*Asks:* 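This structure is in structure tokens; I'll ask about it shortly.
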Amino acid sequence: MSEHIVPVKVYVSIFLALMVGTAVTVLAAFQDFPGALNVIVAMTIAVVKATLVVLYFMHVRYSARLIWVIVASALFWMGILFALTFSDYWTRGWL
Amino acid sequence: METFVPPVPSRINYINAQYGLKSWLLTKDHKRIALLYLGSISFFFFIGGLYAMAIRLELLTPQADLLQSTTYNKVFTQHGIIMVFFFLIPSIPATLGNFLVPMMIGAKDLAFPRINLLSWYIYMLGGIVTIYALLAGGVDTGWTFYTPFSTTFSNSYVVATGLGIFINGFSSILTGLNFIVTIHTMRAPGMTWFRLPLFIWAHYATSLIMILGTPVIAITILLLAFERVAHIGIFDPAVGGDPVLFQHLFWFYSHPAVYIMVLPGMGIISELIANFSRKNIFGYSFVAFSSLAIAVFGFLVWGHHLFVASQSVYAGMIFSFLSFAVAIPSAIKVFNWTATLYKASISYDTPMLYALGFIGLFTIGGMTGLFLAALAVDVHLSDTYFVVAHFHYIMVGGTLLAYLGGLHYWWPKITGRMYPEGWGRFSALVVFIGFNLTFLPQFILGYMGMPRRYHVYPAEFQVLHVLSTAGASILGVGLLIPLFYLMWSMRYGKVAPGNPWHLPGLEWRTQSPPPTENFDYTPVVTWEAYEFAPPEETEVVGKFHDKVPEKA
Amino acid sequence: MAESYVEHEASHPALQHHFENLEQQREAGTLGMWVFLVTEIMFFGGMFLAYTLYRSKFPEAFAIASNHLDIKLGAINTAVLILSSFTMAMAVYSTQVGKLRAQIIYLVLTIVLGLAFLGIKGVEYHEKYVDHLIPGTLIPGNPFNPDPHAMHLTQGVLMQHVQMFYWIYFAMTGMHALHMIIGVGLLSVILYFSVKGRYSPEYHNPVEVAGLYWHFVDIVWIFLFPLLYLLGRHLGGH
Ligand code: HEM
Ligand SMILES: [Cu+2]
């Protein structure tokens, strides 16, 4: 299992994409979208940016499956923390 | 491949390879670090035990005679903190785990020896900070640090104690990290996942909880400490904060943490049951995967500690249901252990006595957990001695017994000396009797309505309390006996051969005590876990010589 | 009993005694860092949870408080950090292909950008200090006491809830800044050894692993920036 060397071109493109993402998220923040759309847009952009960093800068795209599992499990456990805590807060008013 | 030539036993081993204090304090050898941990957790166990004695003595009578309320609050708090964070959580992983994980998988050391040593120093630093807090004036919040009492009202040393626990958490994280990486990357050739001893599976599962849960308690305690300093924070109702959020975050770690305490114990029990029955464990893969299942499901049930803490009843229902589900993997283990015993040729040596004790006591502890997880029943039992009895059945009856069993079992490997078997069996019996006498009455007390954390109680309860204190004294004696004979045996015990129990595990295929690099050559594994060699090929001395092991 | 043993290979000077070969050592190092990053995710997770809870409880107060953060400095800092992630990736790349001069230059750039981020953060913190926006009595003698007019408090929004936002803001950005400081320290050590010529195409796991940490810290900020700075802008800040 020898390592994969990512070409410079890829790094540059990812860098540019991240910069564009930052600009878009700032611009979008000043638009008044209906409902919760502002939050959704901001978080989608953040997730895309983070994914790019993880896949390319951190080489996960080229890594062993174990690394994928580790990343996924971190997100899964965050999910548990959020989901079960909010199963309390969201349902407190129901009674 | 050549045929097996046993390596000439060199007299150099990890203990006499180097001399002097420095060679211990700067060692990177996982076996020496395990001994450093062994010494320090024994110290903390002793301190925790002193607090326990104070509690039991005070509870002899219905009035407050020995301790006043404020002192009593501090004593039970400090007992809990020391026992949970400085004894039970590191107990098995940091000592036996540290010693055995590399040996059982055929590695020379853990993946990060320096980080391993660092984890011990962090543990000691956390311990010293905590001891400082106790000496400076102590802490009275209960080991659970519930807000807003801990943030706003308590005027004891909450910040310093919290800091000690925060620091200590990193030692646990580093141990878990080291184990996970070691088990993934350092297995000897031929040591596939399904040839791993179940002790390793249990430690792998434990490590998952350590790395996923501990950071959450770390940030929670840190926020609590800052909140105390800044007089405002996320748990503070005065700024719209919710104290129950603290309980969510605390138990997100602390329920899984009870599995940090008991899973390694289950790993030991799997070893003991299989090896002292001289049989492969019944349903190896079920036992292995149930450890992982516990690690995952253990994170889904924390809300059963909040049933009466203003948690939404809907969340209560979810958590109650999930708590019942988490009992399944534990039950699988119990069934598989008992099935292994069926028709086996069992040797009742000291470690096995502890293992059998574990099965019974853990079952009682787990079943009473289910009582508590039933919503309506918990309304009655929450915050009573029933809860106290429940978790002591698991933490003492389970983890502590497993730890003692494991310590005896591997003692010849660790020290190169046998412990005295007669004394061993005797004290195992004393511990078992003492333990039950201490904690069985507490189930009844709790059911009758004796609240926990009180030292003044109605006179009707006195008989049961006296019984409990009597049991605790017997238990204390039962724990002191091994302390003496184990120390005695280090010098005067019978010299142990490399494989005193005649077992197939890798840790037994090297000299006792092992050399610094564990094996003279990297072993190549060609056998399954718990595959017992046909008797004629095993050198027969001592223990099992009149028993014919079953063919695997 | 059939058993056999494997022999040791001839070894690289950086190979530690308990590993069989450099490949195994590298695998362990990388895996170790990833496992560590999982703990970091959970560490920040607790604070993200508190953020989500209180933002959903006090949306107006959070929007108002957020509008008082300096969006320009926040955006600049985001760019600085992304650029530093890029230079970090390039430092790893340069090591992998054996361009050792470029490696040193990129490492220095990364450290400088990291320090720039911290400097800008310091300026922001100072503004908050001047406006008495540091929550509670965290800074003795300068308790939380902002001017309600300057904050544009609207009807029914409580100053306590604004304070809650600032508590979370300082907890999260403070923890993030602490991680930046540790990262800068880590990279300085790496820089020291790379100047001494320790890393090569065969052996560069420490550079890689430090890079993983650095990118992680960047990712945390990628989330903090929109969550803390941008959430109330569309309601018309200033
Ligand atoms: C396996 C090892 C276990 C350990 C080490 C353990 C430990 C503990 C501890 C320490 C507490 C008391 C917490 C406090 O200070 O308030 C506790 C309470 C509780 N345990 Fe367990 N437990 C275990 C298993 C279980 C299981 C399997 C269940 C149920 C399925 C369970 C259900 C409960 C419940 C519901 C409480 C809360 C009681 C109350 O406060 O009302 N436990 N346990
Ligand atoms: Cu629990």
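Fair warning: this is a prediction, and the values are worked out from it, not measured in the lab. In what follows, every chain begins at residue 1, and chains take the letters A, B, ... in the order their sequences are listed.
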*Asks:* Does anything in residues 102-118 of chain C get under 4.5 Å of chain A by heavy atoms, and if so which residues?
*Replies:*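 The stretch does not come within 4.5 Å of chain A.
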*Asks:* Please state whether the side chain, the backbone, both or neither of A/I45 comes within less than 4.5 Å of a heavy atom of chain C.
*Replies:*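 When you check distances to chain C, no heavy atom of A/I45 falls under 4.5 Å.
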*Asks:* If we only count heavy atoms from C-beta on, is the A/K49 to C/T78 side-chain gap below 4.5 Å?
*Replies:*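 Contact flag for A/K49/C/T78 side chains = yes.
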*Asks:* Evaluate the criterion side chain to side chain contact (heavy atoms under 4.5 Å, CB included) for residue pair C/I222 and A/V47; output intermediate values, then yes/no.
*Replies:* CA-CA 8 Å; C/I222 285 178; A/V47 168; over 6 Å; no
*Asks:* So do C/F86 and A/F57 actually touch side chain to side chain, heavy atoms under 4.5 Å?
*Replies:*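 Yes, their side chains come closer than 4.5 Å.
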*Asks:* State, yes or no, whether a side-chain contact exists between A/V39 and C/L231 at a heavy-atom distance under 4.5 Å.
*Replies:*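 Result no, sub-4.5 Å side-chain heavy-atom pair not found.
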*Asks:* So which part of A/Y89 gets closer than 4.5 Å to some heavy atom of chain C, the side chain, the backbone, both or neither?
*Replies:*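 A/Y89 touches chain C through side-chain heavy atoms alone.
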*Asks:* Do A/M58 and C/I219 come close enough that some side-chain heavy atom pair is under 4.5 Å?
*Replies:*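 Yes. Closest side-chain heavy atoms under 4.5 Å.
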*Asks:* If we only count heavy atoms from C-beta on, is the A/F30 to C/H234 side-chain gap below 4.5 Å?
*Replies:*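 No - every pair of side-chain heavy atoms lies 4.5 Å or more apart.
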*Asks:* Under a 4.5 Å heavy-atom cut-off, does chain C meet the side chain of A/N38, its backbone, both or neither?
*Replies:*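 Side chain of A/N38 only, per the 4.5 Å heavy-atom cut-off to chain C.
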*Asks:* Which one wins on heavy-atom pair count under 4.5 Å against chain A: C/V92, C/L53, C/T52?
*Replies:*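 Among C/V92, C/L53, C/T52, the one with the most close pairs to chain A is C/L53.
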*Asks:* Could you grab the distance from atom OH of A/Y11 to atom CE of C/M88, nearest 0.5 Å is fine?
*Replies:*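 That separation rounds to 10.0 Å.
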*Asks:* Among pairs that include at least one residue of residues 33-61 of chain C, which meet ring pair (Phe, Tyr, Trp, His ring centres under 6.0 Å), considering only residues two or more places apart or in two chains?
*Replies:*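 For residues 33-61 of chain C, and leaving out neighbouring residues, the ring pair (Phe, Tyr, Trp, His ring centres under 6.0 Å) pairs sorted by first residue read C/F44-C/H179, C/F58-C/H161.
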*Asks:* With chain C as the partner chain, list the residues of residues 21-28 of chain A whose heavy atoms fall under 4.5 Å from it, by residue number, and write 'none' if nothing qualifies.
*Replies:*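 Those residues of residues 21-28 of chain A which have a heavy atom under 4.5 Å from chain C are A/T22, A/T25, A/V26.
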*Asks:* So, for C/G46 and A/L81, which heavy atoms are closest and what is the spacing to 0.1 Å?
*Replies:*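 Scanning both residues, the minimum pair turns out to be N-CD2, 4.2 Å.
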*Asks:* Considering only heavy atoms and a distance below 4.5 Å, find which of C/L83, C/T30, C/V220 pairs most often with chain A.
*Replies:*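 Ranked by contacts with chain A, first place is C/L83.
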*Asks:* If you count every heavy atom of other residues, nucleotides or ligands that lies below 6.0 Å from C/K99 atom NZ, does the total exceed 12?
*Replies:*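 12 or below, so no.
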*Asks:* For side chain to side chain contact (heavy atoms under 4.5 Å, CB included), just list the numbers for C/M42 and A/W77, CA-CA rounded to whole Å, side-chain angles, deciding distance to a tenth of an Å, and then say yes or no.
*Replies:* CA-CA 8 Å; C/M42 296 311 290; A/W77 258 269; 3.9 Å; yes
*Asks:* Is A/V6 close to chain C through its backbone or its side chain, or both, or neither, when contacts mean heavy atoms under 4.5 Å?
*Replies:*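 A/V6 touches chain C through backbone heavy atoms alone.
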*Asks:* State, yes or no, whether a side-chain contact exists between A/F86 and C/L49 at a heavy-atom distance under 4.5 Å.
*Replies:*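 Contact flag for A/F86/C/L49 side chains = yes.
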*Asks:* Which residues from residues 199-212 of chain C are near chain A, with near meaning under 4.5 Å between non-hydrogen atoms?
*Replies:*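 Within residues 199-212 of chain C, the residues under 4.5 Å from chain A are C/P201, C/H204, C/E208, C/L212.
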*Asks:* Checking A/I67 against chain C: side chain, backbone, both or neither under 4.5 Å from a heavy atom?
*Replies:*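 For A/I67, the contact with chain C is made by the side chain alone.
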